[in-house]
Amino acid sequence: MRCRNCDTINPENYRHCSNCGTGLAGCEVCGFENLPGARFCGGCGRPIGGPPEVQQRSISAERRFTTILFCDLIGSTALSTTLDPEELRSIIISYHDMFRKVVEEHDGFVAQYLGDGILAYFGYPSAREDDAE
């Protein structure tokens, strides 16, 4: 895998460039796939693109309440045995889109899509008093 920062070619299983330490596979915090040369993550706003020790020094800690929601599509395993893979994929994509819209309407943040499951945060990266509600 070619490093977007220094152009070094690294083995496919490397998560960081062997020459400069740049992350090779999305943001380490939220998994967002950033554009080459981006200095901050488009998903969570954290600094990217430098050696890990530089990134960690520029992140400040803050205590806050966060609500974490995991939602799973019930019956998807049984459904997968009766549908064509393309039809199942279409259903799961529609489910992901609907879930993301609802989460964003309530100022939430979709952290990860995990097969037919979705992980969402409320109160991160921005917080409100009624996030848990």
Side-chain angles (χ1 to χ4, degrees):
M1 180 174 287
R2 187 177 298 274
C3 176
R4 65 182 176 270
N5 190 42
C6 69
D7 216 30
T8 299
I9 297 175
N10 294 280
E12 287 298 318
N13 64 335
Y14 276 36
R15 294 183 48 125
H16 294 87
C17 177
S18 60
N19 186 45
C20 70
T22 299
L24 298 174
C27 176
E28 291 183 24
V29 176
C30 71
F32 187 83
E33 289 293 328
N34 291 287
L35 296 172
R39 292 180 42 216
F40 294 89
C41 177
C44 68
R46 303 237 184 218
I48 57 173
E53 62 272 10
V54 172
Q55 289 181 19
Q56 289 180 1
R57 278 186 295 207
S58 61
I59 298 172
S60 61
E62 177 184 343
R63 180 178 285 226
R64 66 171 78 178
F65 289 102
T66 303
T67 301
I68 300 171
L69 171 67
F70 179 78
C71 188
D72 188 45
L73 186 61
I74 295 174
S76 64
T77 303
L79 194 61
S80 71
T81 63
T82 62
L83 291 177
D84 185 62
E86 288 83 12
E87 291 173 327
L88 180 63
R89 182 176 181 269
S90 176
I91 289 170
I92 290 177
I93 288 172
S94 296
Y95 161 69
H96 284 175
D97 289 342
M98 181 272 312
F99 186 89
R100 181 188 45 77
K101 287 176 187 172
V102 171
V103 167
E104 289 175 355
E105 283 174 12
H106 293 88
D107 293 324
F109 172 76
V110 175
Q112 278 187 317
Y113 296 101
L114 306 160
D116 67 342
I118 302 172
L119 181 67
Y121 301 149
F122 296 89
Y124 173 85
S126 59
R128 296 181 337 182
E129 284 189 32
D130 64 346
D131 281 323
E133 293 174 18

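What you see is a predicted model; the values in this text were computed from it and never measured.
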Should [X] and [Y] be regarded as members of a common hydrophobic cluster, given that ILVMFWY residues are connected when their side-chain heavy atoms come within less than 4.5 Å of each other, either directly or indirectly?
X	Y	result
L119	F109	yes
I118	V103	yes
F70	F122	no

**Q.** Minimal non-hydrogen separation, T8 against S18, with atom names
**A.**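 Closest pair (atom of T8, atom of S18, distance): CG2-OG, 4.2 Å.
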Q: Specify the closest pair of heavy atoms between C41 and C44, including all atoms of both residues, with the distance to one decimal.
A: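 In this case the closest contact between C41 and C44 is SG-N, 3.4 Å.
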(Q) Which residues pass the ring-ring contact (aromatic ring centres under 6.0 Å, His included) test with F99, not counting sequence neighbours? (A)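 Applying ring-ring contact (aromatic ring centres under 6.0 Å, His included) to F99 gives none.
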Q: Return yes when atom CG of L114 has more than 12 non-hydrogen atoms of other residues, nucleotides or ligands closer than 6.0 Å, and no otherwise.
A: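 Count over threshold, so yes.
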Q | More than 12 heavy atoms from other groups under 6.0 Å of CZ on F65 | A |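 At most 12 heavy atoms, drawn from other residues, nucleotides or ligands, come within 6.0 Å of this atom.
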Solution key, residues 86-96 side-chain donor-acceptor pairs under 3.5 Å, sequence neighbours excluded:
unit_1, atom_1, unit_2, atom_2, d
E87, OE1, D84, N, 3.2
S94, OG, S90, O, 3.0
Y95, OH, C71, O, 3.3
H96, NE2, G115, O, 3.1

Q | Atom pair CG (L79) and OG1 (T77), whose distance is rounded to the nearest 0.5 Å | A |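 The CG atom of L79 sits 9.5 Å away from the OG1 atom of T77.
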Q: If a pair satisfies side-chain hydrogen bond (donor to acceptor under 3.5 Å, both in side chains) and one of its residues is in residues 103-118, list it, with sequence neighbours excluded.
A: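 Every pair satisfying side-chain hydrogen bond (donor to acceptor under 3.5 Å, both in side chains) with a residue in residues 103-118: S76-D116, R100-E104, D107-R128.
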